[in-house]
Amino acid sequence: MTDRPGERAEKSRSNRFWGLMAGFMLLGGMIGAALVVMEKSEGALPAALAIGIALVVTTAIGGGTWYFLRSVDEVERLDNYVAGTVALNFYLIVYANWYFLWKGAVVPEPRHETLFIATMIVMAAAYFWKKLRP
């Protein structure tokens, strides 16, 4: 029995989606591994490499987001909008409070890596909450 045209289109869309996600994960892993190795051996990144990584990240995120939003349905788009909104609100609240408490000598200086990772975790949790709830 052969797939119907709608089923083939959905399978193709799903394959493109997961291929894009795998590509982003691979790119992130490669950049992260390179940063760990370089920082352990040299202490700082060469300026040219830092600029190159910034360009690759900007292009990948900008182009990947454009491609992703172009190729998903409205339900997937809404799930991502909700997750992005929750994550941005989390970041705004946590960073602003941490910053002002730091300025008041109540807490240590904000750790940007911690804020970034926490924001990504909140975004993933919001996405999966929206996606998987009945």
Fill in: Derivation of the side chain to side chain contact (heavy atoms under 4.5 Å, CB included) call for F116 and I121
CA-CA 9 Å; F116 177 78; I121 290 169; over 6 Å; no
Response to the item:
NE2 of H112 to CH2 of W98, rounded to nearest 0.5 Å, is 8.5 Å
Fill in: Over 12 non-hydrogen atoms of neighbours within 6.0 angstrom of CZ in R111
no
Item to complete: From the options L55, I51, V57, select the one residue that forms a side-chain contact (heavy atoms from CB on, under 4.5 Å) with I53.
Response: V57
Worksheet, complete the sentence: Taking every heavy atom of N89 against every heavy atom of T85, the minimum-distance pair comes out as ND2-O, 2.8 Å
Response to the item:
Between A83 and A126 the two heavy atoms that sit nearest each other are CA-CB, 3.9 Å
Worksheet item: Between the main-chain N or O of N97 and the side-chain N or O of W102, is there a donor-acceptor pair closer than 3.5 Å?
Response: no
Discussion item. Just so I know, are the side chains of R77 and D73 near enough to count as touching, which here means a heavy-atom distance under 4.5 Å?
Written reply: no
Item to complete: Look at the side-chain heavy atoms of Ile, Leu, Val, Met, Phe, Trp and Tyr, link any pair under 4.5 Å apart, and say whether F68 and M120 land in one connected group.
Response: no
Fill in: Rounded distance (nearest 0.5 Å) linking atom CG of N80 with atom CE of M123
8.5 Å
Fill in: Considering all heavy atoms, the nearest P110-L115 contact
CB-CD1, 4.3 Å
Worksheet item: Is there a path from V107 to Y91 through hydrophobic residues (I, L, V, M, F, W, Y) whose side chains come within less than 4.5 Å of each other?
Response: yes
Item to complete: For K131, check salt bridge (Lys or Arg N to Asp or Glu O under 4.0 Å) against everything at least two apart and list the hits.
Response: E76, D79
Worksheet item: Among the clusters formed by ILVMFWY side chains lying less than 4.5 Å apart, do V122 and W129 turn up in the same one?
Response: no
Fill in: Linked, directly or transitively: V94 and L101 (ILVMFWY side chains, under 4.5 Å)
yes
Practice prompt. Tell me whether Y99 is reachable from I117 by hopping between hydrophobic residues (I, L, V, M, F, W, Y) whose side-chain heavy atoms are closer than 4.5 Å.
Written response: no
Discussion item. Using 0.5 Å steps for rounding, measure from the OH atom of Y95 to the CZ atom of F90.
Written reply: 14.0 Å
